[in-house]
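Down below is the structure, laid out as C-alpha cells.
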Amino acid sequence: MSYGMANFKTLRPSDFQERASNMADEGLLGSDAVRSILPMLVEGLSDGIAIAQRSSGNSPLLYVNKAFEHLTGYARNEVIGKDCRYLQGSERDQPEIARIRAAVEAGEPVDATLRNYRKDGSAFWNSLSLRPAQVGDRLLYVGMLRDVSAIRHAHIALDRAANLDGTTGCLNRQSFLLAAEGRFAKHTATLMVMKLDAIGFHDLNTGYGFEVGDALLAETGRRLRDVGAALVARMGANEFALAFELADEASASAIVTSVNSILAADFVVAGAN
C-alpha cells in the first residue's frame with residue numbers, strides 16, 4: 001500500500017480573524033438562525049437578566065428572564081413597567097445607588113453590589129452589571145443580576161475573625177491599635193485611653209472553669225460597648241481598653257465614674273454558683 005503526499009496549508013492567527021470578519025460581513029452572525037436562539041439562551045441563563053429603558057427620572061423594566069423571577073420572587077407581570085428601585089426596599093441610601101444613578105444618567109456602564117430584597121422580604125446581596133444599549137432612538141440598559149450573598153457573608157465572617165475578639169465581640173489588640181491610629185491621627189479632639197483589668201480572673205478560671213470565665217468576659221465586653229466609647233477592645237486575657245474623644249479634659253473624670261458604675265453591678269453568670 002502506498003500513500004500519496006497530502007496537500008496542506010499552514011494557518012496563522014490572522015487567517016482566523018480574517019475569516020471571522022468575513023462571516024460578520026456576510027451577515028452570518030446576525031442571521032435569523034442566530035437571532036432565533038437568543039431568547040432560549042437568555043431564558044436558560046442562571047443569572048438574572050433585566051432590560052430597562054432609560055427615561056427622565058425613571059427606568060421602567062421592559063423584560064426580565066426566568067432567573068430574575070427565581071432570584072427576586074417576583075413574576076414578570078408584577079415587575080414590567082416598574083423601576084428596579086423597588087428591590088432596595090427602604091434601603092435607598094446605599095452609597096452604590098448614587099454611583100449607579102450617575103452612570104445611568106451619563107449613559108455609561110457600571111458594576112455594583114447592592115443589598116436587595118425578595119418579594120418575601122428576605123435580603124440578598126446582588127452583584128449588578130449594567131450595560132447601555134442604543135436601540136434606534138431609545139437608550140436601553142441591560143442588567144445582569146447575581147446572588148453573591150454566600151460570598152459576601154464569607155467576607156464578613158473573615159473580617160470579623162481578623163478584627164474582632166471571638167469571646168467578647170470587641171476589637172482585638174491589633175485592630176484597636178490600627179483603628180485608634182487611623183481615627184485620631186487627623187482629629188484635634190483630646191483622646192483618652194482607659195485600660196481595665198479583671199482582677200482575680202485567673203482564680204475564676206481555675207475555680208469555676210473556662211466557660212464561666214468566658215461568660216464573664218463576654219458580659220464585660222457587652223457592658224463596655226454601651227458606655228459610649230469610640231473604640232472598645234480586649235487587649236489580653238483579662239485586659240480591656242477603651243478610647244474616648246473628649247470635648248475637654250475636664251470631662252474625663254465623669255467618664256471614668258460612668259464606666260466604673262456600669263461595671264460595679266453584679267455579674268450573674270451561669271455555672272458560677
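Side chains are part of it too, since the values below use all heavy atoms of this structure and drop only hydrogens, waters and symmetry mates.
- Heavy atoms from other residues, nucleotides or ligands lying under 6.0 Å from NE2 of His202 number 12 at most.
- When each of Val256, Leu231, Val227 is tested with Phe244 by the rule side-chain contact (heavy atoms from CB on, under 4.5 Å), just one qualifies, namely Val227.
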Between Arg131 and Asp111, does the salt bridge (Lys or Arg N to Asp or Glu O under 4.0 Å) criterion hold? Intermediate values first, please.
CA-CA 9 Å; Arg131 296 295 180 267; Asp111 299 298; 3.2 Å; yes
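- Using modelled atom types and a 3.5 Å distance limit, the side chains of Asp165 and Thr168 yield a donor-acceptor pair.
- Note on residues 63-92: pairs passing ring pair (Phe, Tyr, Trp, His ring centres under 6.0 Å), not counting sequence neighbours, are Tyr74-Tyr86.
- The backbone N or O of Ser175 sits nowhere less than 3.5 Å from a side-chain atom of Asn163 that would complete a donor-acceptor pair.
- Checking side-chain atoms of Arg234 against main-chain N and O of Ala237 turns up a donor-acceptor pair under 3.5 Å.
- Annotation: side chain of Asp203 is not in contact with side chain of Asn205 (no heavy-atom distance under 4.5 Å).
- Without hydrogens or angle criteria, Asn172 side chain to Ala162 main chain gives a donor-acceptor distance under 3.5 Å.
- Atom CG of Leu114 sits about 5.5 Å away from atom CD of Gln88, to the nearest 0.5 Å.
- No more than 12 heavy atoms of other residues, nucleotides or ligands shown are found within 6.0 angstrom of CZ on Phe210.
- The neighbour count for Arg146 CZ, taken as heavy atoms of other residues, nucleotides or ligands under 6.0 Å away, does not exceed 12.
- Counting heavy-atom neighbours within 6.0 Å of Leu38 CG, excluding the residue itself, gives a total above 12.
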